[in-house]
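Following: one structure in structure tokens, then a few remarks.
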Amino acid sequence: MMDAAPRVRFAPSPTGYLHVGGARTALYNWLFARKTGGAFILRIEDTDAERSSEAHTQIILDGLRWLGLDWDEGPVFQGASGERHRQDAERLLAEGKAYRCFCTREELEAQRKAAGGDIYKYDGRCDRLSAAEVAARVARGAPSVIRFRMPQEEIAWDDAVHGRIAFHGRDLDDMVILRSDRTPIYNMAVVSDDIAMRISHVIRGDDHISNTPKQIALYQALGAPPPVFAHVPMILGTDGKKLSKRHGATAVGDYQDLGILPAAMRNFLALLGWSPGEDREIMTETEMIALFSLEAIQKKPAVFDMVKLEWMNGEYLSRIPTPELVAPVARELERMQVHVGGTHLLPPYIDAVKSRARTIVEMAERVAVRLDSRHVKLDDKGRKLRAKMGDGFVESLKVALEILGAIDEQGWTAEAILEQLKARAEAGGMKLGDLLQPIRVAITGSTVSEPVNELLEVVGRSSSLARLT
RNA sequence: GGCCCCAUCGUCUAACGGUCAGGACACCACUCUUUCAAGGUGGUAAUACGGGUUCGAUUCCCGUUGGGGUCACCA
């Protein structure tokens, strides 16, 4: 019999935003599913009612959609399967693979203290209670949790990215699987769900490696074959520490706000810990899927390099046809409260700044300057040039105004403008740059822009003259 | 601290025992040029350390060092 199609899941808990690490885990799951013709399932782990929220669920869904990661099933809410989790835990109890523990939090805390320090493994005292004693306490209505009796043997698996990883049961705790309020603990819920959903490959972050032996023990106790596990490395900040708020943007939404294109983000994330070989970097979605494999995933953590992300975004920006850029740029301009007067007017402006901007936000800022003089701000470079040129700066502007003022509305083209300015510069014995730079600064506030003649054409005659004046 | 994972340029990575250790970002120089960006050309820069195995180790084994993860009635 042929192996059934793989089934993978991305299972975030809705207790915060969609972290880039989570996003990359989702991406790898998605790539694997698309590559193998399997199913990509979204499961929301909301068993912690305290910290979970609908708003966070929505943000996660939006983030995945933004990245173009479509799921085949779900979202399945883990909280809805509480009854099955409970039954599985109680089945383990009935079969003698788990036991009731009556220790209160306070008692546990005392045991921990007595053991010295914060490293503590439950000593199994409740496992030594007689059946009669347990029955009596239950009859008395004493609250209890269910603890799993960890097998005292080697627990190992062949990880798809790491190779063989082995733990020993003696180092693992008799973990709680069902709370005293009869709700399941994480590991129980996950295993119960992954079995029920027939998950074949669990692709998740390295931080779950230590959970894996516990879960494998649960699979074995429940008589279900464990899936293939693939643990992907963490993403770190530039200081080599786990990526967190103080490194700047960590949520997918942050990058959206920064003006990163979803395709660029996806490409960049894919390469953080995975390489298709052959020096490939910029890839289409189709190529990425074709080239993807779990075995090629890196074992060591990767540092998130914002500079390279921006470079890659710039690459995507310059390749995307202008019409596709209109909507995102318009959205950004709207946020900046710049009046556009119709998105159909945008393309020439976008063309003008396209090859120079690395993000949508940067692009919108440049467009804004060309559209609306209120966005012109003299920056450091502009200031410096002005100071350097002194009176010559104003002089140049006067000359420019004179020449440009002589060009009428019909003749206002980049070619004609350049021709006139060039002729004048030559005649006056001045360098073209000395004439053009002040114009550039007057129009944009900066020494950086597209060629001045093109700039003037895009900004238009009346607006250009007004700004020069 | 116990257990587990990891280790090639500053960063992302390639090289499944034999390469001048390759590419990309960043950086530097030159070039192009009306500025900037882009482009083109060239350059600086890495196998953590110590032992093995082998004719030969980035590659396999052991140790050291360093980094990371995890040790809840959280997920």
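These numbers were taken from a predicted model, which means no experiment stands behind them. Both backbone and side-chain heavy atoms feed into the values below; hydrogens, waters and symmetry mates do not. Lettering follows sequence order; numbering is per chain, from 1.
A:Tyr186 comes within 4.0 angstrom of a base, heavy atoms only. The residue A:Ser275 sits close only to the backbone: its heavy atoms come under 4.0 Å of sugar-phosphate atoms, none of a base. Using a 4.0 Å heavy-atom distance criterion, A:Asn211 is classed as a base contact. Residue contacts for A:Thr47: at a heavy-atom cut-off of 4.0 Å it reaches the sugar-phosphate backbone alone, with no base atom in range. Looking at heavy-atom distances under 4.0 Å, A:Gly273 makes contact with sugar-phosphate atoms alone, never a base. Heavy atoms of A:Glu45 sit under 4.0 angstrom from primed sugar atoms or phosphate atoms, though from no base atom. Within 4.0 Å of A:Val176, counting heavy atoms only, lie sugar-phosphate atoms of the nucleic acid but no base atom.
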Original post:
Going through the checks in order, is the side chain to side chain donor-acceptor pair (under 3.5 Å) test met by A:Asn211 and A:His208?
Top reply: CA-CA 5 Å; A:Asn211 277 325; A:His208 282 287; 3.3 Å; yes
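Between A:His231 and the choices A:Asp206, A:Thr25, A:Asp159, the side chain to side chain donor-acceptor pair (under 3.5 Å) rule is met once, by A:Asp159. Checking A:Met363, A:Arg358, A:Lys354 one by one against A:Leu317, the side chain to side chain contact (heavy atoms under 4.5 Å, CB included) holds for a single residue, A:Met363.
RNA chain B is contacted by A:Ser355, A:Arg356, A:Arg358 of residues 351-362 of chain A, taking any non-hydrogen atom closer than 4.0 Å. Contacts with RNA chain B (heavy atom under 4.0 Å) in residues 158-166 of chain A: A:His162, A:Ile165, A:Ala166, listed by number.
Under 4.0 angstrom from either OP1 or OP2 of B:A14 there lies at least one side-chain N or O belonging to A:Gln298. Contact check, A:Lys300 against B:U8: a side-chain N or O comes under 4.0 Å of OP1 or OP2.
Annotation: A:Trp274 is in aromatic contact with A:Phe292 [ring centroid separation under 6.0 Å].
Both A:Ser210 and A:Ser13 lie close to RNA chain B; mapped to their nearest nucleotides by heavy-atom distance, the more 5′-ward contact belongs to A:Ser210. In terms of position along RNA chain B, the nucleotide closest to A:Pro301 lies nearer the 5' end than the nucleotide closest to the other residue of the pair A:Pro301 and A:Lys308.
Pair assignment for B:U47 gives none, since no Watson-Crick or G-U wobble pairing has each distance under 3.5 Å. B:C3 is paired with B:G69 under the criterion used here, namely a Watson-Crick or G-U wobble arrangement in which both key atom distances are under 3.5 Å. Here B:C60 sits opposite B:G52 as a Watson-Crick or G-U wobble pair (both hydrogen-bonding atom distances under 3.5 Å).
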Please list, for nucleotides 57-59 of chain B, all pairs of protein and nucleotide N/O atoms separated by less than 3.5 Å.
none

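Using a cutoff of 4.0 Å between basic side-chain nitrogens and carboxylate oxygens, A:Glu154 and A:Arg164 are scored as salt-bridged. Taking a cutoff of 4.0 Å between a charged side-chain nitrogen and a carboxylate oxygen, A:Arg182 and A:Glu90 qualify as a salt bridge.
Aromatic ring orientation, A:Tyr17 versus A:His56: perpendicular (interplanar angle above 60°, classes split at 30° and 60°).
Not one N or O on the side chain of A:Ser275 forms a donor-acceptor pair closer than 3.5 Å with the backbone of A:Leu271. Distance alone, capped at 3.5 Å, places no donor-acceptor pair between the A:Lys121 side chain and the A:Asp173 backbone.
To the nearest 0.5 Å, the span separating CG on A:Leu31 from CD on A:Glu285 amounts to 8.5 Å. Here the straight-line distance linking atom OH of A:Tyr122 with atom CG of A:Asp127 works out to 8.0 Å at 0.5 Å rounding.
A:Tyr255 places a side-chain heavy atom less than 4.5 Å from the side chain of A:Met306.
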